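In what follows, a single structure is set out as structure tokens and then discussed.
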Amino acid sequence: MNFSQEAAVWSCTSCGGELGLIKVGFTYMKGNFEIDLPACAACGLVLVPESLALGKMAEVERILEDK
Amino acid sequence: MEKNELVAWENKCIQEESPECTSACPLHVNAKLFLKEIQKGDWDAAYKVLNKTMPFPAILGRICDHPCEERCKRGAVGGPLAIGALERFCVERYAGKKRVQLLPRKDHRIAVIGAGLAGVTAAWDLLKKGFSVSVFEPGDRLGGSLWDLPEQLLPREVIMEELSTLETMMADIRLGIQLDTALFEQVCEEYEAVILDRDSLRGIELSLKLDDDGLIAITAATGATDRDRIFAGGGTRFRGGFSPVMETLEGRRPALSIERLMQKVGLEFGRENEGPCSSRLHTSLEGIDPLPRIAPSDSIKGYMEEEALIEAKRCIQCECLECVKKCLFLERYKAYPKKYAREIFNNERILLGAAHQYNVFTNSCSTCGLCETICPNDFSMADLCLEARRTLLKQKIMPPSFHEFALQDMAHSTGELFSLCRHEPDKTESAWLFFPSCQLCGTTPDEVVSSYRYLRDRLSGGVGILLHCCGAPAFWAGREDLFKEALDEIRATWAELGKPRIITACSTCLNIFQEHVPAMKPVSLWDIILEVGIPDSARANGTTGNTVGVVDPCATRHNPAEQKGIRKILTSLGIQIEELPLSGEMPECCGYGGLMYNANPSLARDVIARRTTVSDNDYLAYCAMCRDNFASAGKRVSHLIEHLFPAVSGGDPAARSWISWSERRANRGRVKEMILRDRGERDEAQVEEYEKLKLTISPDVLKRIDGRRILEDDIRKVIFHAETSGKKMRSRESGSYLAYLQPENVTFWVEYSPEGDGFTVLNAYCHRMKIVGILQ
């Protein structure tokens, strides 16, 4: 999954900076994950696109729930 | 779940019970599978089914007296399957010299005296199990009475060939022996155990006790005679007629006893179902075409292949699955309660880290009780699943997503935004206490308030009001702590008010109170209406003459009086009733019950979608959640209270659309506010800053985000946080903002743009995976 398109569309309002693809950590039901996502390195703001939240992420959530 | 509990659950589900044909067969030949293989056209496989259980299938397949047919379920719809004739066809065409699998040789020597069908069967069984067997036969050939059967039925060469298998199996065969007491005693001395075939030994004095037929007396269950190590069987021709299949059983039974004797285990234990036995399998014959039995065109030669195929295809392959046929949840997981019980048992025992796979299943049951009503043995998936949910909680592996939204909704109903308890205005006593239910207040706030005013007007002694949740969501979630808390609160309030009689407008609340606080003597609003009379407002409503399909809620399954009362009210309103197939004691849940909608939303959507297609008429519900679930699936549906206390006179309540979860909460708040206003009080619940944000949401977006279980207040929290902290992103394309917040377990994302003094919500989505942050 490449979210560079999303990174190009959105900018961080706090600092006005660009979003770059940065490794972001997630955790759910004792599982830890890393994904390269658009994020503002300066402010720590990250972007989880809708397609990821409702797609792969929801899928992994369901798998972990049945573990 | 303990092992013994699993066994009890499994025993309740009869799907795996042997069908009537197999149970009736003394040898328990799997006739159902035999017929299934023929239906597929696989005659070799069909023959293998016979060969698995029958000794000498080429003989028995031709001559079996087929007691299976008498109990065949097809008997009631066209005539029993011709299993005997099909077996004959099968062995005539497809029996060949099959290799007999022998178990490793055992160091035990057994004698069989008399080689009728019982004797050769005993020899066959024992040889297969690895025993050394000597067969002593006074005559000059094996087979006894088999030789008396007509040659057309049983050709001589078949007897010779089939029985020659014993030699192949290394039997020591001694024909033409002079059987007398001396030889018998000698055999008893030399061998570890002896089986006597009574078919050919009647009249020979062997110093064994005889029965009334003059045959060697035996214990029926084991074939044991009055002497140790000596067993006997056979001789049906002296007891009402030669029965090949019983003769076979009577050879098999003492052979099994000898095996047990050699293994030094009890002879009698666990043999109740040996031989013909009863079957608990239930098979519905509803809708089965009564096809007549096919007679062979040549009655002497038997079936032609084509005839045999047509006949076999009449087999209905008996099975129960009654609950699975009616319940989408049970059907979806492709098994039946017995297997589900086993899966749940296994699921509880899985070591940490391995896949559980049955967590979603356990939490998908609506606990409606339909399966229990349908099941001939009252198997309750509800009880099984609820107990399993409590176990998942104890094991701390219950995923929060399964029930969190529902429990938050319940917390709203038990919290200060809704809960309220008051005597009737200007009264200090309550003979009655109206408990309209949280979900009905969420659906029809104005109608609830009108009904309360009506009750106050018509009932004497004071009608108090109690706005709260009965605790059902917590009960369904397995959260005994929360359930007890909710119920304790209600019980304490009720006691404080002087224990008035509870009137509720929700069948689930009624059930919960009846079961857990019977002293409340709860009564339904509809029963009270029937007693005090239908309000004039109802009669003025424009629904007269319409026909509606009455949707009985699953919670009224065991309350026919309430169901009858509803119909009485509808009739007196001039509304025509259509009885839907799953009504009365058979209603299905709308998907709200058991929190199915929360743990398995797609299944709940399918359940409701299927039910909307049953009738083209408008539906009439008397459960708030039934109403709302049907409405959200696009079905025209109204709630009874909308007819009795219409908010708009002459309106069309079935035209009201679906209601969002946010609106439900707002409606509950309105009920509280209206009731307080009636009393001249003000709602003093504190309004948070974020709650003041004004939102504009298009109907499409609203429907989408409601399906994602995102509340308008969740959205307000995100926007409030973004606007006050400045933590948000801006689109270079549209100028809209995107922000996120994780107030509790869920992270909500909102895309919005400022609009006047409020905000337009363009989209919202959420996930449960927690953002840890940027990794260095």
Side-chain angles (χ1 to χ4, degrees), chain A, chain B residues 347 350-363 392 396-402 599-600 602 704 707-708 722-723 725-740 742 745-751 762-776:
Chain A
M1 272 176 291
N2 190 328
F3 297 108
S4 48
Q5 213 179 330
E6 283 85 351
V9 171
W10 299 95
S11 61
C12 174
T13 322
S14 288
C15 66
E18 311 259 316
L19 302 186
L21 288 183
I22 305 175
K23 206 168 278 307
V24 177
F26 289 88
T27 176
Y28 187 59
M29 295 202 70
K30 296 177 191 162
N32 295 311
F33 307 88
E34 293 174 10
I35 320 171
D36 284 326
L37 283 181
C40 173
C43 305
L45 217 58
V46 303
L47 169 56
V48 176
E50 185 179 17
S51 61
L52 176 66
L54 304 183
K56 198 78 197 163
M57 202 176 249
E59 201 181 302
V60 174
E61 285 171 10
R62 274 194 296 274
I63 292 168
L64 290 170
E65 284 164 357
D66 242 347
K67 250 192 160 338
Chain B
N347 199 54
I350 282 165
L351 296 174
L352 218 60
H356 277 267
Q357 293 182 347
Y358 268 74
N359 290 351
V360 179
F361 171 85
T362 302
N363 288 283
L392 283 181
K396 299 194 191 314
I397 54 169
M398 177 73 92
S401 70
F402 288 174
N600 197 338
S602 66
R704 190 194 314 150
R708 293 172 181 173
E723 292 298 313
S725 69
K727 285 186 185 269
K728 55 185 177 178
M729 287 162 269
R730 188 165 189 276
S731 166
R732 297 178 207 281
E733 287 173 358
S734 63
S736 62
Y737 291 107
L738 181 64
Y740 63 96
Q742 185 187 343
N745 290 328
V746 179
T747 304
F748 296 100
W749 290 78
V750 181
E751 190 182 345
L762 303 166
N763 191 19
Y765 54 93
C766 58
H767 54 79
R768 291 192 156 262
M769 208 171 269
K770 190 181 173 187
I771 303 171
V772 179
I774 292 174
L775 301 174
Q776 296 307 321

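Just so it is clear: chains get the letters A, B, ... in the order the sequence lines come, proteins before strands, and each one is counted from 1. Just so you know, these numbers come straight off a predicted model, no measurement behind them.
Looking at A:Thr27, its side chain never comes within 3.5 Å of a backbone N or O of B:Lys770 through a donor-acceptor pair. Proximity of a side-chain donor or acceptor of B:Ser736 to a complementary backbone N or O of B:Glu751 within less than 3.5 Å is not detected. When atom types are taken as modelled, the side chain of B:Tyr740 and the backbone of A:Val46 share a donor-acceptor pair closer than 3.5 angstrom.
Counting heavy-atom pairs closer than 4.5 Å to chain B, the top-ranked of the candidates A:Ala39, A:Gly44, A:Ala58, A:Cys12 is A:Gly44. When each of A:Cys40, A:Pro49, A:Gly16 is checked for heavy-atom pairs under 4.5 Å with chain B, A:Pro49 comes out on top. Looking only at heavy-atom pairs under 4.5 Å with chain B, the residue among A:Val24, A:Val9, A:Leu52 that has the most is A:Val9. Heavy-atom pairs under 4.5 Å with chain B peak, among A:Val48, A:Ile22, A:Val60, at A:Val48.
With a 4.5 Å cut-off on non-hydrogen atoms, A:Leu47 touches chain B through its backbone and its side chain both. For B:Asn763, the part lying near chain A is the side chain, with the backbone staying farther off; criterion is any non-hydrogen pair under 4.5 Å. Heavy-atom distances place the side chain of A:Leu54, and not its backbone, under 4.5 Å from chain B. Proximity to chain B (any heavy atom under 4.5 Å) is shown, for A:Cys15, by neither the backbone nor the side chain. Residue A:Pro38: no heavy atom, backbone or side chain, is found under 4.5 Å from chain B. Contact annotation for B:Tyr737: both backbone and side-chain heavy atoms come within less than 4.5 Å of a heavy atom of chain A. Looking at B:Ser734, neither its backbone nor its side chain comes within 4.5 Å of chain A, counting heavy atoms on both sides.
Atom CG of B:Asn745 is separated from atom SG of B:Cys766 by 12.0 Å, given to the nearest 0.5 angstrom.
Using a 4.0 Å cut-off between charged nitrogen and carboxylate oxygen, A:Lys56 and A:Glu59 count as a salt-bridge pair.
Using bins of under 30°, 30° to 60° and over 60° for the plane-to-plane angle, the ring pair B:His767/A:Phe26 lands in the perpendicular bin.
In summary, the side chains of B:Asn600 and B:Asn363 do not present any donor paired with an acceptor at a separation below 3.5 Å, with no hydrogens or angles considered. For the residue pair B:Ser401 and A:Glu65, a side-chain donor N or O sits within less than 3.5 Å of a side-chain acceptor on the partner.
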